[in-house]
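To start, the structure under review is shown below, and the notes come after it.
Below, each value reflects all heavy atoms present in this structure, side chains not excepted, and no hydrogens, waters or symmetry copies.
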Amino acid sequence: MQSSALDQELGTDDSTRLFLTGRRQRALNTAQLHFCDLTECAIRQSTISASNGVREYNLLSTVNVPSGDYLRLAKQGPEYWLITSGGASSNSTRFIAGDLLPRREIQWLNQYDLGWRASTGADPYAYYERMDGGQRFFGLTPPPRIGSSETGRIILPYVAKPSSMTVSTDVPFTFGSTTRNDLEPYHQALVHYAASELEKLRLNAEGVQVQMQLFLGYVERFFRLMAPKGGQQIRLWRNYFTEVRSRRYGGDERPIPFPWRVTGPNG
């Protein structure tokens, strides 16, 4: 990929003067990182052990995300499981996800849920993210209440960072020791992105734009082919039944902060 495929797009086999081997590898690694980020084609699921009364968990910790390849939360959204042990052969699990566990920004919580920082253990009704220097926290509000016979889990789907390619025989979209062979049709997308980056070295603005458009064409193709087949459903903008359930979930009668559903990046 870093030789013949890029040679064809760049129109030269130069790898010793301008388009050095190291530059080619760096451009290809940047390409697969951006493709994964734009398309969410590589989602991993981490299971975080929740503790009673603990609100936040560091997403960059290898304890919470063992692979250490966390990029960002996936659109699929997290889930909270509360597993109650009823004996050797009887367990029950309570699932909180989707509309019952929406994302809220800290600014939103400060404005519409003034007491959220002082809230004590209960069933979480929202999650948030918080940055603190070299740490990135996933938070639940309120912090979970987990009894002695219960186990709390956070199921966290996230966009994963692929393994870097270091030699010419490395295959793109490899995660640890597993290669996503189903993504082989998109290998050429990485070549176009890398060519766009390398064309900057010879100040070829037109070539940069052409190659980037070809890359974005593959991104669009991915979304088009991954779109749900058949017709799409129309959903109510406001689901009153879900609101009532979330108010009364787990016996918590506290009113949900107004407004329940807002537009924009906060929900």
Side-chain angles (χ1 to χ4, degrees), residues 1-46 59-62 64-76 131 133-136 156-227:
M1 178 178 291
Q2 72 183 34
S3 55
S4 58
L6 267 177
D7 289 347
Q8 181 175 338
E9 297 302 324
L10 295 171
T12 176
D13 60 359
D14 167 38
S15 62
T16 58
R17 292 187 302 171
L18 189 61
F19 303 124
L20 304 179
T21 299
R23 290 175 175 172
R24 289 171 178 244
Q25 287 180 347
R26 185 164 56 251
L28 287 168
N29 282 319
T30 301
Q32 70 166 348
L33 183 65
H34 278 271
F35 190 86
C36 290
D37 186 41
L38 287 174
T39 63
E40 295 197 2
C41 64
I43 295 178
R44 270 186 164 168
Q45 183 169 285
S46 183
L59 296 178
L60 302 184
S61 166
T62 54
N64 297 324
V65 184
S67 299
D69 57 354
Y70 179 89
L71 282 179
R72 59 180 173 83
L73 290 174
K75 295 177 183 177
Q76 178 180 332
M131 318 302 172
Q135 301 180 97
R136 182 170 187 158
L156 194 78
Y158 67 93
V159 180
K161 179 171 62 176
S163 301
S164 295
M165 295 178 285
T166 57
V167 296
S168 60
T169 55
D170 284 343
V171 180
F173 305 118
T174 297
F175 301 84
S177 59
T178 304
T179 299
R180 286 284 303 276
N181 294 320
D182 61 307
L183 293 176
E184 185 174 349
Y186 301 97
H187 287 186
Q188 186 63 26
L190 311 188
V191 175
H192 289 306
Y193 187 101
S196 176
E197 290 292 292
L198 294 170
E199 287 289 7
K200 296 175 183 178
L201 296 173
R202 55 184 176 189
L203 304 180
N204 183 3
E206 182 179 356
V208 170
Q209 292 297 323
V210 169
Q211 293 293 344
M212 183 57 65
Q213 289 302 314
L214 291 171
F215 166 77
L216 293 176
Y218 276 90
V219 173
E220 177 62 27
R221 175 188 174 187
F222 178 88
F223 284 127
R224 186 170 62 252
L225 295 179
M226 293 298 292

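Here Ser67 pairs with Arg44 under the side chain to side chain donor-acceptor pair (under 3.5 Å) rule; sequence neighbours left out. Looking at residues two or more places apart in sequence or on another chain, you find no side chain to side chain donor-acceptor pair (under 3.5 Å) involving Arg23. By the salt bridge (Lys or Arg N to Asp or Glu O under 4.0 Å) test, Arg26 pairs with no residue at all, sequence neighbours left out. Take Phe215 and apply the ring pair (Phe, Tyr, Trp, His ring centres under 6.0 Å) test, not counting sequence neighbours, and it matches Tyr193. Scored by the side chain to side chain donor-acceptor pair (under 3.5 Å) test, Asp182 finds Arg180 as partners (sequence neighbours excluded). Residues passing the side chain to side chain contact (heavy atoms under 4.5 Å, CB included) test with Gln8: none are found, sequence neighbours excluded. For Glu9, the salt bridge (Lys or Arg N to Asp or Glu O under 4.0 Å) test picks out no residue, with sequence neighbours left out. With sequence neighbours excluded, the residues satisfying salt bridge (Lys or Arg N to Asp or Glu O under 4.0 Å) with Asp37 are Arg72. Taking Asp7 as the reference, Arg24 meet the side chain to side chain donor-acceptor pair (under 3.5 Å) condition, with sequence neighbours excluded.
Looking at Val191 and Leu214, their side chains never come closer than 4.5 Å, going by heavy atoms from C-beta outward. Counting heavy atoms from C-beta outward, Leu6 and Phe19 have side chains that stay 4.5 Å or more apart. Side chains of His192 and Leu216 form no contact here, defined as non-hydrogen atoms less than 4.5 Å apart.
Pairs passing the side-chain hydrogen bond (donor to acceptor under 3.5 Å, both in side chains) check and including a residue from residues 165-175, sequence neighbours excluded, read Thr166-Asp170, Thr174-Thr179. Among pairs with a residue in residues 212-224, none fulfils side-chain hydrogen bond (donor to acceptor under 3.5 Å, both in side chains), at least two apart in sequence or across chains. Sequence neighbours left out, the pairs with a member in residues 195-205 that pass salt bridge (charged side-chain N to carboxylate O under 4.0 Å, His left out) are Glu197-Lys200, Glu199-Arg202.
Nearest heavy atom pair, residue Met212 against residue Ser196, reads CE-OG, 3.7 Å. Considering all non-hydrogen atoms of both residues, Leu71 and Arg136 come closest at O-NH1, 3.5 Å. Taking each heavy atom of Ser164 and Gln32 in turn, the nearest pair found is CA-NE2, 4.2 Å. Across Phe223 and Leu38, no two heavy atoms sit closer than the pair CZ-O, 3.2 Å.
One finds the CG atom of Asp69 at 11.0 Å from the CG atom of Leu60 (value rounded to the nearest 0.5 Å). Separation of atoms CZ (Phe222) and CD (Glu40) is listed at 9.0 Å; rounding is to 0.5 Å. Atom CG of Leu183 is separated from atom SG of Cys36 by 7.5 Å, given to the nearest 0.5 angstrom.
Residue Met131 qualifies as enclosed at atom CE: its count of foreign heavy atoms under 6.0 Å is above 12. For Glu184, the CD atom is loosely surrounded, since the number of other residues' heavy atoms within 6.0 Å does not exceed 12.
Of the possible polar contacts, none joining the Asn64 side chain to the Leu59 backbone as a donor-acceptor pair under 3.5 Å is found. With Asp14 contributing its side chain and Thr16 its backbone, the two residues share a donor-acceptor pair below 3.5 Å.
The aromatic rings of Phe35 and Phe173 sit tilted relative to each other, their planes meeting at an angle between 30° and 60°.
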Worked check of side-chain contact (heavy atoms from CB on, under 4.5 Å) between Ile43 and Gln45: CA-CA 7 Å; Ile43 295 178; Gln45 183 169 285; over 6 Å; no
